[in-house]
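Within every chain, numbering begins at 1; the chains are lettered A, B, ... in the order of the sequence lines, protein sequences first and strands thereafter.
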There are 4 protein chains.
Amino acid sequence: MKKNKPKYKQIIDAAVEVIAENGYHSSQVSKIAKKAGVADGTIYLYFKNKEDILVSLFQDKMGQFIEKIEQETNARQTAEEKLLKLVETHFEQLSADHHLAIVTQLELRQSNKELRQKINEVLKRYLAVIDQIVEEGVEENLFRRNMDPRLVRQMIFGTLDETVTNWVMKEQRYNIFEQAEEVHTLLVHGLSEPSS
Amino acid sequence: MKKNKPKYKQIIDAAVEVIAENGYHSSQVSKIAKKAGVADGTIYLYFKNKEDILVSLFQDKMGQFIEKIEQETNARQTAEEKLLKLVETHFEQLSADHHLAIVTQLELRQSNKELRQKINEVLKRYLAVIDQIVEEGVEENLFRRNMDPRLVRQMIFGTLDETVTNWVMKEQRYNIFEQAEEVHTLLVHGLSEPSS
Amino acid sequence: MKKNKPKYKQIIDAAVEVIAENGYHSSQVSKIAKKAGVADGTIYLYFKNKEDILVSLFQDKMGQFIEKIEQETNARQTAEEKLLKLVETHFEQLSADHHLAIVTQLELRQSNKELRQKINEVLKRYLAVIDQIVEEGVEENLFRRNMDPRLVRQMIFGTLDETVTNWVMKEQRYNIFEQAEEVHTLLVHGLSEPSS
Amino acid sequence: MKKNKPKYKQIIDAAVEVIAENGYHSSQVSKIAKKAGVADGTIYLYFKNKEDILVSLFQDKMGQFIEKIEQETNARQTAEEKLLKLVETHFEQLSADHHLAIVTQLELRQSNKELRQKINEVLKRYLAVIDQIVEEGVEENLFRRNMDPRLVRQMIFGTLDETVTNWVMKEQRYNIFEQAEEVHTLLVHGLSEPSS
DNA sequence: TATGAATGAGATTTCATTCAT
DNA sequence: GATGAATGAAATCTCATTCAT
C-alpha cells in the first residue's frame with residue numbers, strides 16, 4: 001500500500017504547505033516536489049496526476065478530521081451535547097492547523113468541478129454524523145420532528161463553513177473556538193427568543 | 001457611460017452563458033466574444049481585461065439581486081416577515097436564472113483570491129440588509145438580544161448559500177423556492193422544539 | 001497637394017513629439033492622432049499607413065536639415081571651410097530640436113528594414129553634399145587624390161552620426177556644438193601628428 | 001553552468017540564423033526552437049525570456065569578437081600596426097560570418113532601448129581597446145596629444161560601423177577586408193595631404 | 001472631409017506529464 | 001525506485017486599419 005510509505009505523506013504535507021503559502025494557482029507540481037525533497041517525476045510514482053494529490057490530501061486530512069469528530073461526539077450523551085462537541089471539534093481542529101484551514105476553506109475551492117465533486121464524496125461521512133445527531137435529537141424530543149434532513153444538514157454545515165471561512169479570510173485574527181457555544185445556541189434555538 | 005451601451009450588456013450576458021455552459025476554466029475570451037456576436041478586440045473596448053468582465057458581471061447581476069431583496073424586504077412590516085421574504089427572494093431569483101445560479105454558486109468561486117475579494121465587496125451590501133433585519137427583530141423583541149451580529153450573519157448567509165449550492169450541484173432537480181418557509185423556520189427557531 | 005494642408009504638418013509634428021516622448025514602440029497611431037487633435041481615421045486621409053507617417057516625417061525634417069547644410073556650405077569658399085560648416089550645421093540643427101534628435105538618432109532606427117531603406121534614400125542627398133565637398137578639396141589640393149569616395153563618405157557620416165548618437169544617449173548633457181571644430185580636425189588630419 | 005551545455009549553443013546559433021534569414025520582427029521563439037531542433041518550452045530552460053536570447057547572443061558572439069581583436073592587436077608593436085590590425089580583424093570577422101554581420105549591423109538595432117543599453121555594455125570593452133591603442137599612439141608620438149578620447153573613439157567606431165553597415169546593406173557584394181588599409185589610412189591621416 | 005467604434009490576426013510563456021537513464 | 005530534462009498545447013491582449021455615418 002503506497003499510502004503508508006514515507007514519501008506519500010511527505011508529498012501530501014508538502015502540498016498543504018505549498019498551497020497555503022503560495023495559493024492554489026501558484027502551486028506547481030515542481031514546487032511541491034521541491035518542498036517534499038523528491039524529484040518531479042517521483043510524484044507520479046505515488047499519485048496518478050496533480051488532481052490526485054489534492055484529492056488524496058483532502059481524503060487524508062478530512063478523514064482524520066471527521067474521525068476525530070465521530071469519536072468526540074460519540075463520547076457525549078445527548079444530541080445537544082453532541083452537537084456542541086461537533087462545533088467545538090470542527091473549530092478546534094482547524095484552529096490547530098492554520099495551513100490546513102487555508103487550504104480547505106480558500107484554496108481548494110478554486111479547483112474545478114470534478115475535483116469538488118470528489119471532495120463532496122469525502123464530506124458525505126461528515127454529513128452522516130450530522131444526520132445521526134439530529135435524528136437522535138428528534139428521538140430525544142429535543143429537536144423538532146419532520147424537519148427536512150437535507151435542509152438541517154445544510155444549515156449546520158453552511159453555518160460552520162461560512163464561519164470558518166470568514167475567520168480564515170480575516171487572517172485568523174480572533175479566536176474562533178470561543179464562538180463555538182454561541183454558534184451552537186444559534187443552531188439549536190435560531191434567532192428567536194426562547195419564549196416566543 | 002459604457003455600462004449603458006448595448007454591447008456592454010451583450011458581453012456580460014454572453015459571459016454568463018458561456019461560463020455556465022463551459023465552466024470557468026474553459027471560458028476563453030474568444031468564446032465569450034463569439035457568443036456576444038462581437039470581435040475579440042471589442043471586448044477590450046468595454047472591459048479592461050478578462051477579470052474585469054467577471055467582476056463587472058458579478059457587480060451587475062448581484063447589484064440587481066440585492067436591490068430586489070432590499071425592495072422586497074422593505075415592503076414588509078416585521079422582521080420575521082422580512083426575513084422570510086429575504087429567503088424567498090434569494091431562492092426565487094436564482095431559480096429564475098439557472099445560468100446565473102451556476103455561475104455565482106460554482107464557477108465564480110474558482111476565481112483567484114483578488115477576484116474573490118472584489119466579489120466580497122459586493123456582498124457587503126447584502127450582509128448589511130441581513131444585519132438591519134436582525135436589528136429590527138431585536139427591537140421588536142422577536143429576536144434575542146446580545147447575539148453576535150457577525151455570527152448571525154454567517155448563519156443566515158451560510159445556510160442560504162449552502163442550500164443554493166446544493167440545489168445547483170443536484171442540477172436544480174427540485175424546487176428550491178418551496179423550501180423557503182422551512183429554511184426560514186430553521187433560521188428563526190433553530191433545531192429545537194419551540195417549547196423546549 | 002496634401003503636404004501643404006495644415007493637418008499634414010500637425011500630424012508630422014505630433015508624431016515627432018509622441019515618438020520622442022514615448023519611444024518608437026509605444027507610439028501608436030491613436031496617440032499621434034490624439035496629440036495632433038484629429039481622429040484616428042483622419043490620419044489615413046493624409047498618410048497611406050503608419051510607415052508613411054514616419055517616412056514623410058523623415059523626408060520633411062531631413063529635407064530641411066539637408067537644405068540648410070547645402071546653403072551654409074555653399075556660402076563658404078574652401079573645402080575645409082565647407083566641411084567645418086557642415087559639421088557645425090549638422091550639430092547645430094540637432095541641438096536646436098531635441099525631440100527631432102531623439103527621433104532620428106534613436107527611435108527611428110528601431111524601424112524595420114524597408115523603412116530604413118527609404119530613410120537611406122533621403123540621406124543620399126546629404127551624402128552627395130559630402131562627396132561634392134571632398135571633390136572640391138581634392139581639386140584644391142587640400143585633400144588627397146585617389147581616396148575611395150564611398151569610404152570617405154562613410155568616415156565622415158559615420159563619425160558625425162556616432163557622435164550625435166552618443167550625445168543623445170548621454171541625454172544631451174553636454175554641448176555638442178562646441179566639439180565641431182575638433183571633429184573637423186579629426187576628419188581632416190586624422191589621428192597622426194601633422195608632421196608625421 | 002548552462003552556457004556550456006550543447007543546447008545553449010544550439011539555440012544561440014539557431015537564433016542568429018533565424019534572425020538573419022527572417023529579420024528581427026519575424027523571428028518568433030517557435031521558429032528559433034524549430035531551427036535549434038528543440039521544443040518551444042526548452043528555450044525557457046536555458047533563457048529567461050526572448051530578450052534574454054538576444055542579449056546572450058550578443059554577449060556571446062561579441063565577446064568572442066572583441067577577444068579576438070584584443071589578442072590580435074596585442075600581438076603588434078606600434079599603435080599604428082595595432083590600429084590596422086583592429087580594422088582588419090573587425091572586417092575579417094564579420095566577413096567570415098555573414099549571418100552574424102546581418103544580425104549585429106541591421107537586425108539587432110531594431111531592438112528596444114533596454115536591449116540596446118545592454119548591448120552598449122558589451123561594446124564598452126571594445127571601446128576600451130580603442131582607447132588603449134590611441135593612448136599608446138600618443139606616447140609613441142605617432143598620434144596627436146590632447147585629442148578628446150571620446151571623439152576619437154566615436155570617429156574610429158563610427159567609421160568602422162558605418163562601413164560595415166553599408167557593406168551589409170549592399171548585401172556584401174564586395175570584399176570589405178580589402179578596404180581595411182584604406183580605412184586605416186583615413187583614420188590616421190584624415191582627408192588631408194600628408195604634407196598639408 | 002472627418003469621425004471613432006469595431007475588427008481580428010498573431011506570439012510569448014507556463015507547467016503537467018513523460019521517459020531514458 | 002528515483003531522477004529531471006524535455007515536451008508542446010493553449011490563451012490573452014494589442015493595435016493598425018476600415019467604413020458606416
Side-chain angles (χ1 to χ4, degrees), chain A residues 2 5-8 11 25-34 36-54, chain B residues 2 5-8 10-11 25-34 36-53, chain C residues 2 5-8 11 25-34 36-54, chain D residues 2 5-8 10-11 25-34 36-53:
Chain A
K2 280 186 174 167
K5 299 209 180 167
K7 289 208 174 151
Y8 181 88
I11 293 167
H25 287 293
S26 302
S27 296
Q28 295 81 1
V29 171
S30 61
K31 244 183 214 161
I32 296 173
K34 196 171 190 181
V38 301
D40 293 16
T42 305
I43 298 269
Y44 291 87
L45 298 174
Y46 293 88
F47 300 91
K48 227 174 46 247
N49 50 34
K50 188 181 181 181
E51 182 178 306
D52 190 30
I53 307 176
L54 304 175
Chain B
K2 277 188 174 162
K5 296 200 183 171
K7 293 219 166 130
Y8 181 88
Q10 263 175 57
I11 293 167
H25 284 115
S26 302
S27 295
Q28 296 81 355
V29 171
S30 61
K31 249 182 211 159
I32 296 173
K34 198 169 191 179
V38 300
D40 292 19
T42 305
I43 300 268
Y44 292 88
L45 297 176
Y46 293 89
F47 301 91
K48 237 182 24 256
N49 49 36
K50 189 180 179 182
E51 180 179 307
D52 189 32
I53 307 177
Chain C
K2 279 186 175 166
K5 298 210 180 166
K7 289 208 173 149
Y8 181 88
I11 293 167
H25 286 292
S26 301
S27 296
Q28 296 80 0
V29 171
S30 61
K31 242 183 215 162
I32 296 174
K34 197 170 189 182
V38 300
D40 292 18
T42 305
I43 298 268
Y44 291 87
L45 299 174
Y46 293 88
F47 299 92
K48 226 171 51 244
N49 51 34
K50 188 181 180 181
E51 182 178 305
D52 189 29
I53 308 175
L54 304 175
Chain D
K2 279 189 171 161
K5 296 199 181 172
K7 293 221 166 129
Y8 181 89
Q10 263 173 57
I11 293 167
H25 284 114
S26 301
S27 295
Q28 296 82 356
V29 171
S30 61
K31 249 182 212 160
I32 296 173
K34 197 169 191 180
V38 301
D40 292 18
T42 305
I43 300 269
Y44 292 87
L45 298 176
Y46 294 88
F47 300 91
K48 239 183 22 257
N49 50 35
K50 189 181 178 182
E51 181 178 308
D52 190 31
I53 308 177

query = Between D:K5 (NZ) and F:dA5 (C1'), how many Å, whole number?
reply = 8 Å
ask   = F:dT7 phosphate, OP1 or OP2: any side-chain N/O from D:T42 under 4.0 angstrom?
value = yes
request  = Taking all non-hydrogen atoms of both residues into account, name the closest pair between A:I11 and A:Y46 and its distance.
outcome  = CD1-CD1, 4.2 Å
request  = Drop me the distance from C:Y8's OH to C:I53's CD1, to the nearest 0.5 angstrom.
outcome  = 10.0 Å
Whole-Å distance separating the CD atom of C:Q28 from the P atom of F:dC15 = 4 Å
ask   = Hey, which of these two, C:V29 or A:G37, hits DNA chain F nearer its 5' end, going by closest nucleotide?
value = A:G37
ask   = Atom CG of D:L45 and atom C1' of E:dC15: how far apart are they, to the nearest Å?
value = 11 Å
task = Find the distance D:D40:CG to E:dT13:P and express it as a whole number of Å.
result = 11 Å
key: Rounded distance in Å - CD1 (C:I53) to C1' (F:dC15)   = 13 Å
ask   = What is the distance from atom NZ of B:K7 to atom CD1 of B:I43, rounded to the nearest 0.5 Å?
value = 11.0 Å
remark   = Of C:V38 and D:S26, the one whose closest nucleotide on DNA chain E sits nearer the 5' end is C:V38
task = Mind calculating the distance between CZ (D:F47) and P (E:dT14) to the nearest angstrom?
result = 15 Å
query = In terms of the nearest nucleotide of DNA chain E, which residue is placed more toward the 5' end: B:K7 or A:N49?
reply = B:K7
message = Both B:H25 and D:A39 contact DNA chain F. Which one's nearest nucleotide lies toward the 5' end?
response = D:A39
ask   = Do the side chain of D:K31 and the main chain of D:S26 share a donor and acceptor less than 3.5 angstrom apart?
value = yes
Nucleotide F:dG1, atom C1' - distance to CD1 of A:I11 in whole Å = 12 Å
key: N/O (side chain, D:K31) to phosphate O (OP1/OP2, E:dA11) under 4.0 Å   = no
key: Pairing nucleotide - E:dC15, Watson-Crick or G-U, each distance under 3.5 Å   = F:dG8
request  = State the pairing partner of F:dA20; accept Watson-Crick or G-U wobble contacts with both distances under 3.5 Å, and report none otherwise.
outcome  = E:dT3
task = May I ask you to verify if any side-chain N or O of D:Y46 is less than 4.0 angstrom from the OP1 or OP2 atom of F:dA5?
result = no
ask   = Between A:K50 and A:V29, is there a donor-acceptor pair closer than 3.5 Å when you use the side chain of the first and the backbone of the second?
value = no
ask   = Does a nitrogen or oxygen in the side chain of B:Y44 sit under 4.0 Å from OP1 or OP2 of E:dG8?
value = no
inquiry  = Using whole Å, what does the distance between atom C1' of nucleotide E:dA16 and atom CD1 of A:I32 come to?
reply    = 11 Å
